[in-house]
Amino acid sequence: MDILGLTGSIGMGKSTAAGMFRYLGVPVYDADANAHDLMAPGGAAFNDIATLFPDVIVDGKIDRQILGGQVFGNADALAQLEGILHPLIRAKRDAFIRNCQRGECGGGA
């Protein structure tokens with residue numbers, strides 16, 4: 001099984017390329033979509049983020065712009081956020097790859 005990674009800055013066409021892969025039937029794991037799911041109300045990271053950054057909760061949801069304002073430029077806060085999200089994202093990615101290796105990719109994340 002070959003594993004490809006799509007990386008690049010904002011606006012570089014990663015989503016377009018991923019969409020083309022999906023169109024061709026290639027399973028795609030989307031770490032950004034996974035992060036959004038994790039941070040949604042009821043998501044596995046929501047309570048930890050809300051506890052650590054209570055000011056980012058607006059109308060019962062994490063306001064990503066406010067969160068970004070608190071963590072970008074603040075290495076300690078960013079490391080704390082990454083400490084919550086990255087292990088969860090890695091676990092989901094690893095499970096996706098294991099499932100694909102067994103021929104059970106499903107729709108991806």
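Any value given below was found using the heavy atoms of this structure, including those in side chains, with hydrogens, waters and symmetry copies removed. Keep in mind that this is a model prediction, so the values were computed, not measured.
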A.B. asks: What are the two closest heavy atoms between Leu6 and Ala18, and how far apart are they?
C.D. replies: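 Here Leu6 and Ala18 meet closest at CD1-N, 3.7 Å.
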A.B. asks: For Phe72, check side-chain contact (heavy atoms from CB on, under 4.5 Å) against everything at least two apart and list the hits.
C.D. replies: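 side-chain contact (heavy atoms from CB on, under 4.5 Å) list for Phe72, sorted by chain: Leu78.
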A.B. asks: Any side-chain heavy atom of Ile57 sitting closer than 4.5 Å to one from Phe46?
C.D. replies: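 Counting from C-beta outward, Ile57 and Phe46 do come under 4.5 Å.
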A.B. asks: Any chain of hydrophobic side-chain contacts (each under 4.5 Å) joining Ile84 to Ile66?
C.D. replies: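 Same cluster: Ile84 reaches Ile66 through Ile, Leu, Val, Met, Phe, Trp or Tyr contacts under 4.5 Å.
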A.B. asks: Taking the side chain as every heavy atom from C-beta outward, state whether Tyr29 and Cys105 have any atom pair closer than 4.5 Å.
C.D. replies: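 When only atoms from C-beta onward are counted, Cys105 and Tyr29 do not touch, as no gap falls below 4.5 Å.
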A.B. asks: Checking the side chain of Lys14 only, and the main-chain atoms of Gly8 only, is there a donor and an acceptor separated by less than 3.5 Å?
C.D. replies: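 Checking the backbone N and O of Gly8 against the side chain of Lys14, a donor-acceptor pair under 3.5 Å is found.
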A.B. asks: Would you give the length of the straight line joining atom CD1 of Ile10 to atom OG of Ser15, rounded to the nearest 0.5 angstrom?
C.D. replies: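 Interatomic distance, Ile10 CD1 to Ser15 OG, rounded to 0.5 Å: 11.0 Å.
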A.B. asks: In Å, rounded to the nearest 0.5 Å, how long is the span from CZ of Phe96 to CD of Glu104?
C.D. replies: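 Spacing of CZ (Phe96) from CD (Glu104) equals 12.0 Å.
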A.B. asks: Side-chain contact, heavy-atom cut-off 4.5 Å: Phe53 with Val71?
C.D. replies: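 Heavy-atom side-chain distance check passes, below 4.5 Å.
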A.B. asks: Can you pull out every side-chain hydrogen bond (donor to acceptor under 3.5 Å, both in side chains) where at least one residue sits in residues 57-69? Sequence neighbours excluded, please.
C.D. replies: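 Listed by first then second residue: His36-Arg64.
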A.B. asks: Suppose the criterion is side-chain hydrogen bond (donor to acceptor under 3.5 Å, both in side chains): which pairs have a residue in residues 67-85, not counting sequence neighbours?
C.D. replies: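 Residue pairs passing side-chain hydrogen bond (donor to acceptor under 3.5 Å, both in side chains), neighbours aside: none found.
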A.B. asks: Once rounded to the nearest 0.5 Å, what's the spacing between atom OG1 of Thr51 and atom CD1 of Ile49?
C.D. replies: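 With rounding to 0.5 Å, OG1 (Thr51) is 10.0 Å from CD1 (Ile49).
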A.B. asks: What pairs with Arg93 under side-chain hydrogen bond (donor to acceptor under 3.5 Å, both in side chains), at least two apart in sequence or on another chain?
C.D. replies: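 Expected list: none.
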A.B. asks: For Ile89 and Asn34, work out which heavy atoms get closest and say how close.
C.D. replies: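 Residues Ile89 and Asn34, closest heavy atoms: CA-ND2, 3.5 Å.
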A.B. asks: Considering residues at least two apart in sequence or located in another chain, which fulfil the side-chain contact (heavy atoms from CB on, under 4.5 Å) criterion with Ala44?
C.D. replies: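 In terms of side-chain contact (heavy atoms from CB on, under 4.5 Å), with neighbours along the sequence ignored, Ala44 is linked to Leu38, Leu88.
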A.B. asks: Met39 versus Leu67: any side-chain heavy-atom pair under 4.5 Å?
C.D. replies: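 A side-chain contact exists here, since the closest heavy-atom pair is under 4.5 Å.
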A.B. asks: Given side chains that start at C-beta, do those of Asp48 and Leu52 come closer than 4.5 Å, heavy atoms only?
C.D. replies: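 Of all side-chain heavy-atom pairs linking Leu52 with Asp48, none is under 4.5 Å.
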A.B. asks: Would you say Val58 and Leu81 are hydrophobically clustered, going by side-chain heavy atoms of ILVMFWY under 4.5 Å?
C.D. replies: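 Same hydrophobic cluster.
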A.B. asks: Checking Arg98 now: which residues fulfil salt bridge (charged side-chain N to carboxylate O under 4.0 Å, His left out) with it, not counting sequence neighbours?
C.D. replies: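 Scan of Arg98 (salt bridge (charged side-chain N to carboxylate O under 4.0 Å, His left out), adjacent residues dropped) gives none.
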